[in-house]
K.L.:
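Pasting a structure here, questions to come.
Whatever order the structure lists ligands and atoms in, that order sets their numbers, starting from 1. As a basis for the values below, the full set of heavy atoms in this structure was taken, side chains included, without hydrogen atoms, waters or symmetry mates.
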Amino acid sequence: MENQTQIPPGQRAVKKFIYYAALGVPEVDINDYRFKVTGLVEKERSYTYEELIKMMDVSYKRDFHCVTGWSVLGVDWNGVKLKRLVEESVPKKEAKWVMFYSLDGYTTTVPLSDVLQEDSVLVLYVNGKPLTKEMGFPARPFFPHLYGWKSAKWVTSMELIPEYIDGYWEERGYHERGNVWDEERFKGIWGRHSKKRPIL
Ligand SMILES: Nc1nc2c(c(=O)[nH]1)N[C@H]1C(S)=C(S)[C@@H](COP(=O)(O)O)O[C@H]1N2
Ligand SMILES: [Mo]
């Protein structure tokens, strides 16, 4: 896929990722690791790390945007198209949202329609190398048009669900969808275009 760089409203470029681990950095045993597709699907599926590596079909440069205002430009990402993983499980028609679960207990929710976009990826490699422990080894979803909190590090499953429910940051006032171009930073009366944090 082609390269693409543009700074969204309210963002500034930084050179490096700022690592976040709201619930700590978990230990991962790669032999036990599985990525699962569950919930409203015809057949639940489970993938080993090796299987995911063999399925890698996306290689592109995209920018990464954290809702706190920093963006890292021109990052190289490699991984498996999320659309392919969803389709292998055959989603039921009631499925509308996807909840991502991580090893550390982190969760985040994304509309199924965003997960099905061509450039939504289960990332395994960044800048030519497997994700580091800090960056979320072995895998994290990435949505170029959504804020970084939707990119759950150390991800272990995605569950297709019928209705929106809060994940970790959504419960703390962050937006249901989090589109960077519409500045969907916070929910409700702080929602679209609001730079102000919710009072919690
Ligand atoms: N498991 C987990 N995933 C997470 C987070 C986290 O704290 N824990 N922080 C999120 C936020 S807010 C951002 S901006 C990115 C940051 O990615 P980085 O730590 O690789 O810079 O990870 C997202 N995924
Ligand atoms: Mo973030």
Side-chain angles (χ1 to χ4, degrees), residues 7-30 32-36 49 52 60-79 82 98-111 114-115 119-159 165-187 190-191 194-198 200:
I7 303 219
Q11 296 295 112
R12 63 180 193 285
V14 298
K15 289 267 178 286
K16 288 183 179 167
F17 282 83
I18 298 167
Y19 298 134
Y20 292 136
L23 301 171
V25 177
E27 284 304 318
V28 182
D29 180 344
I30 200 59
D32 287 348
Y33 177 82
R34 297 289 182 279
F35 179 74
K36 295 186 172 135
Y49 183 62
L52 293 172
Y60 61 21
K61 258 194 214 304
R62 288 289 186 283
D63 307 333
F64 182 90
H65 312 287
C66 172
V67 69
T68 60
W70 55 268
S71 295
V72 183
L73 307 180
V75 181
D76 264 310
W77 307 90
N78 290 140
L82 280 166
V98 179
M99 179 67 109
F100 289 87
Y101 297 87
S102 296
L103 262 179
D104 55 338
Y106 187 87
T107 51
T108 189
T109 326
V110 178
D114 289 86
V115 174
D119 58 0
S120 297
V121 173
L122 183 71
V123 168
L124 304 170
Y125 279 50
V126 165
N127 293 330
K129 297 192 194 93
L131 284 162
T132 60
K133 195 174 176 179
E134 293 71 29
M135 286 278 289
F137 178 83
R140 66 192 291 176
F142 171 59
F143 311 93
H145 64 294
L146 302 182
Y147 287 113
W149 90 82
K150 301 291 183 180
S151 176
K153 305 197 287 185
W154 313 290
V155 75
T156 53
S157 68
M158 59 175 173
E159 182 188 10
I165 46 172
D166 281 340
Y168 181 82
W169 282 118
E170 292 83 8
E171 199 180 329
R172 289 160 176 79
Y174 288 88
H175 199 275
E176 293 88 340
R177 178 163 183 236
N179 184 299
V180 301
W181 303 102
D182 291 338
E183 279 199 80
E184 292 172 340
R185 296 172 189 270
F186 306 115
K187 277 182 188 154
W190 298 281
S194 173
K195 305 262 175 6
K196 207 175 146 220
R197 285 189 63 122
L200 295 167

K.L.:
Please tabulate protein-ligand N/O pairs under 3.5 Å for ligand 1, atom names and distances to 0.1 Å.
P.N.:
from: ligand 1; atom 1: 1 (N); to: Asp104; atom 2: OD1; distance (Å): 3.4
from: ligand 1; atom 1: 1 (N); to: Asp104; atom 2: OD2; distance (Å): 2.8
from: ligand 1; atom 1: 1 (N); to: Lys153; atom 2: O; distance (Å): 3.3
from: ligand 1; atom 1: 3 (N); to: Lys153; atom 2: N; distance (Å): 3.0
from: ligand 1; atom 1: 7 (O); to: Ala22; atom 2: N; distance (Å): 2.7
from: ligand 1; atom 1: 17 (O); to: Arg140; atom 2: NH2; distance (Å): 3.0
from: ligand 1; atom 1: 19 (O); to: Tyr20; atom 2: N; distance (Å): 2.9
from: ligand 1; atom 1: 19 (O); to: Lys153; atom 2: NZ; distance (Å): 2.4
from: ligand 1; atom 1: 20 (O); to: Arg140; atom 2: NH1; distance (Å): 2.8
from: ligand 1; atom 1: 21 (O); to: Ile18; atom 2: O; distance (Å): 2.6
from: ligand 1; atom 1: 22 (O); to: Arg140; atom 2: NH2; distance (Å): 3.4
from: ligand 1; atom 1: 24 (N); to: Ser151; atom 2: O; distance (Å): 2.8

K.L.:
Who are the ring-ring contact (aromatic ring centres under 6.0 Å, His included) partners of Tyr125, not counting sequence neighbours?
P.N.:
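None.
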K.L.:
State which residues pass ring-ring contact (aromatic ring centres under 6.0 Å, His included) with Phe17; sequence neighbours excluded, sorted by chain then number.
P.N.:
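Counting only residues at least two positions away or on another chain, Phe17 forms a ring-ring contact (aromatic ring centres under 6.0 Å, His included) with Phe64.
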K.L.:
Taking the cut-offs as 6.0 angstrom to the six-membered ring centre and 45 degrees off its axis, would you call Arg140 and Phe142 a cation-pi pair?
P.N.:
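Judged by the rule (NZ or CZ under 6.0 Å from the ring centre, within 45° of its axis), Arg140 is not positioned above Phe142.
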K.L.:
Does Leu124 reach the side chain of Asn78, with side-chain heavy atoms less than 4.5 Å apart?
P.N.:
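Heavy-atom side-chain distance check fails, nothing below 4.5 Å.
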K.L.:
For Asp114, what residues pass the salt bridge (charged side-chain N to carboxylate O under 4.0 Å, His left out) criterion, not counting sequence neighbours?
P.N.:
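Asp114 satisfies salt bridge (charged side-chain N to carboxylate O under 4.0 Å, His left out) with Arg177 only.
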K.L.:
Taking the six-membered ring where the residue is Trp, are the ring centres of Phe137 and Tyr49 under 6.0 Å apart?
P.N.:
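They qualify: ring centres under 6.0 Å apart.
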